[in-house]
Undergrad: 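Before I ask anything, here is the structure I am working with.
Reminder, nothing fancy here: chain letters follow the sequence lines and each chain counts from 1.
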2 protein chains.
Amino acid sequence: MQGQNISDIIEKYLKQILADSEQVEISRSEIANLFNVVPSQINYVMKTRFTIQNGYIVESKRGGGGYIRIEKVNLLDDVGVIDSLIGTIGESISQRDGLAIVQNLYNNEVVNRREANLILAAIDKQTLAADDRMQENSFRARILIGILNHLRYES
Amino acid sequence: MQGQNISDIIEKYLKQILADSEQVEISRSEIANLFNVVPSQINYVMKTRFTIQNGYIVESKRGGGGYIRIEKVNLLDDVGVIDSLIGTIGESISQRDGLAIVQNLYNNEVVNRREANLILAAIDKQTLAADDRMQENSFRARILIGILNHLRYES
DNA sequence: TAATAATAGTCAACATTAGTCAAACAAAAG
DNA sequence: CTTTTGTTTGACTAATGTTGACTATTATTA
């Protein structure tokens, strides 16, 4: 029996709720209070246990009536393809290689033609119009990775 | 589940009315009274939830018989609005305003849900992960404009 | 026309949330 | 026992919402 630290207990508590409903909406301070931890511990639990790789999406809002919402999503079958594509992107990618990635997605029917063109518009050299090539390639990489992470699940 | 703060509730109330008619005309003090808030809170709701990015135009008049009128605008009816959207983006846009624009595109059926989420993934704060806020907002602006220009020719 | 009443707008202070980051501490691995 | 990895904590930051004093505009009345 593992899971004695408080982060594990909070994780278990939240996942128990998520067993019944698709999402939970909590107040950070309330939960922190409930388990007698500092509020920022809740952020730690989110970052380490409710990641997209595990099939969770976390959204939040600050200010009055603020919240943290955890949503459980269905991971798709081609997660393997996505992982390997992310691996090849790394921290920087040229427009040419970016095009290849998008074409790969299209060929694997992860996206349709319209969606592929949308992505290409987003990572286009002219669109990014960065100060230098390194910055351009770096942002292109981040955008592609963000999109790929999104494609892991159905929304 | 959501909508704990009073601004959200007022927003919902007004949008419910706007679901049936193209516009609403309210008295600021009446609405403030109805929801037990100070009148200026209504201005706050207008400024944060009924912007042109959200697809609304707000007009008002002071003095006796004064009013605030909210009008829903339709992207498809008016090609110029895409231009004005690009204009409001300018060189920099926050995640919040970016979300408003994408939601607007979706509401006006310029993009479908999947495409909207794809765009949101591309302009997400975490995706961009820029060194500073200015850089983040700048790239978000370029990406959105690139996509909007693409959509203009596509459809 | 001038004064007054009846509206709405602006702005800054304050309130209420959540996020970040790094240091201290603890547990696990080597 | 030492090193590495994971956890806990709290000070500081950021975002969002609420309030009220003061201002601006328009209509009505004297």
Undergrad: On the nucleotide D/dT8, are OP1 or OP2 found under 4.0 Å from the side-chain N or O atoms that A/S7 carries?
TA: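 Yes.
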Undergrad: Could you list all the ring-ring contact (aromatic ring centres under 6.0 Å, His included) pairs where at least one residue sits in residues 104-140 of chain A, not counting sequence neighbours?
TA: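 Listed by first then second residue: A/F139-B/F139.
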Undergrad: Between D/dG17 atom P and B/K12 atom NZ, what is the distance in whole Å?
TA: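 Between P of D/dG17 and NZ of B/K12: 14 Å.
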Undergrad: For B/R140, check salt bridge (charged side-chain N to carboxylate O under 4.0 Å, His left out) against everything at least two apart and list the hits.
TA: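 Salt bridge (charged side-chain N to carboxylate O under 4.0 Å, His left out) list for B/R140, sorted by chain: B/E136.
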Undergrad: Quick one: does A/N108's side chain have a donor or acceptor within less than 3.5 Å of a partner on A/V110's backbone?
TA: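 No, A/N108 side chain to A/V110 backbone: no donor-acceptor pair under 3.5 Å.
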Undergrad: Report the residues that fulfil side chain to side chain donor-acceptor pair (under 3.5 Å) with B/N107, sequence neighbours left out, ordered by chain and then residue number.
TA: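 For B/N107, no residue satisfies side chain to side chain donor-acceptor pair (under 3.5 Å) once neighbours in sequence are set aside.
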Undergrad: Please determine whether residues A/I86 and A/L120 belong to a single hydrophobic cluster, defined as Ile, Leu, Val, Met, Phe, Trp and Tyr linked transitively by side-chain heavy-atom distances below 4.5 Å.
TA: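 A/I86 and A/L120: one cluster.
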Undergrad: A/R49 near the nucleic acid: base, sugar-phosphate alone, or nothing, with a heavy-atom cut-off under 4.0 Å?
TA: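 The residue A/R49 makes sugar-phosphate contact but no base contact.
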Undergrad: Can you sort out the partners of B/T48 under side-chain contact (heavy atoms from CB on, under 4.5 Å), two or more places apart, ordered by chain and number?
TA: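 Counting only residues at least two positions away or on another chain, B/T48 forms a side-chain contact (heavy atoms from CB on, under 4.5 Å) with B/Y44, B/R96.
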Undergrad: When the distance from NZ of B/K125 to C1' of D/dT13 is rounded to whole Å, what number comes out?
TA: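 In whole Å, D/dT13 C1' and B/K125 NZ are 11 Å from each other.
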Undergrad: Test side-chain hydrogen bond (donor to acceptor under 3.5 Å, both in side chains) on A/N117 and A/R114 and set out the steps.
TA: CA-CA 5 Å; A/N117 282 323; A/R114 218 179 109 93; over 6 Å; no
Undergrad: Give one of base, sugar-phosphate or nothing for A/I42, where a contact means two heavy atoms less than 4.0 Å apart.
TA: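 Nothing, no nucleic acid heavy atom in range.
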Undergrad: Share the residues that join A/V73 in a hydrophobic cluster, the rule being Ile, Leu, Val, Met, Phe, Trp or Tyr side chains under 4.5 Å apart at the heavy-atom level.
TA: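 A/I52, A/I57, A/L75, A/V79, A/Y153, listed by chain and number.
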Undergrad: Scan residues 97-107 of chain B against DNA chain D and write down, sorted by residue number, each residue with any heavy atom closer than 4.0 Å; if none is found, say none.
TA: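 Output list: empty, so none.
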Undergrad: Using residues 31-43 of chain A as the side-chain source, report each donor-acceptor pair under 3.5 Å to any protein atom, sequence neighbours left out, with the distance given to one decimal.
TA:
residue: A/Q41; atom: NE2; partner: A/S7; partner atom: OG; Å: 2.8
residue: A/N43; atom: OD1; partner: A/R28; partner atom: NH1; Å: 2.6

Undergrad: Quick check on contacts: within residues 28-35 of chain A, what sits under 4.0 Å from DNA chain C by heavy-atom distance?
TA: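 Output list: A/R28, A/S29.
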Undergrad: Run the side-chain donor-acceptor check on residues 124-131 of chain A: report pairs under 3.5 Å with partners two or more places apart or on a different chain.
TA:
residue: A/D124; atom: OD1; partner: A/Q95; partner atom: NE2; Å: 3.0
residue: A/D124; atom: OD2; partner: A/Q126; partner atom: N; Å: 2.8
residue: A/T127; atom: OG1; partner: A/A121; partner atom: O; Å: 2.7

Undergrad: Round to the nearest Å and state the distance from A/D8 atom CG to D/dT7 atom P.
TA: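 Answer to the nearest Å: 7 Å.
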Undergrad: Are A/I17 and A/M46 co-members of a hydrophobic cluster defined by side-chain heavy atoms under 4.5 Å apart?
TA: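 Yes, A/M46 connects to A/I17 through the hydrophobic network.
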Undergrad: Filter on ring-ring contact (aromatic ring centres under 6.0 Å, His included), then keep only pairs touching residues 78-100 of chain A, sequence neighbours left out; what's left?
TA: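 Qualifying pairs, neighbours excluded: none.
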Undergrad: In whole Å, I'd like the distance from the NZ atom of A/K47 to the C1' atom of D/dT8.
TA: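 After rounding, the reported distance stands at 14 Å.
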Undergrad: Under 4.0 Å: is that the gap between some side-chain N or O of B/R96 and OP1 or OP2 of D/dA14?
TA: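 Checking D/dA14 against B/R96, no side-chain N or O comes under 4.0 Å of OP1 or OP2.
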Undergrad: Shoot me the first and last contacting nucleotide of DNA chain C against chain A, ordered 5' to 3', at under 4.0 angstrom to non-hydrogen atoms.
TA: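 Terminal contacting nucleotides, 5' to 3': C/dT16 to C/dT20.
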Undergrad: Strictly under 4.0 angstrom, non-hydrogen atoms only: write out the protein contact profile of nucleotides 19-30 of chain D, one letter per nucleotide from the 5' end, B, S or -.
TA: BB---BBBS---
Undergrad: Closer than 4.0 angstrom, basic N to acidic O: yes or no for A/E22 and A/K72?
TA: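 Salt bridge between A/E22 and A/K72, a charged N being under 4.0 Å from a carboxylate O: no.
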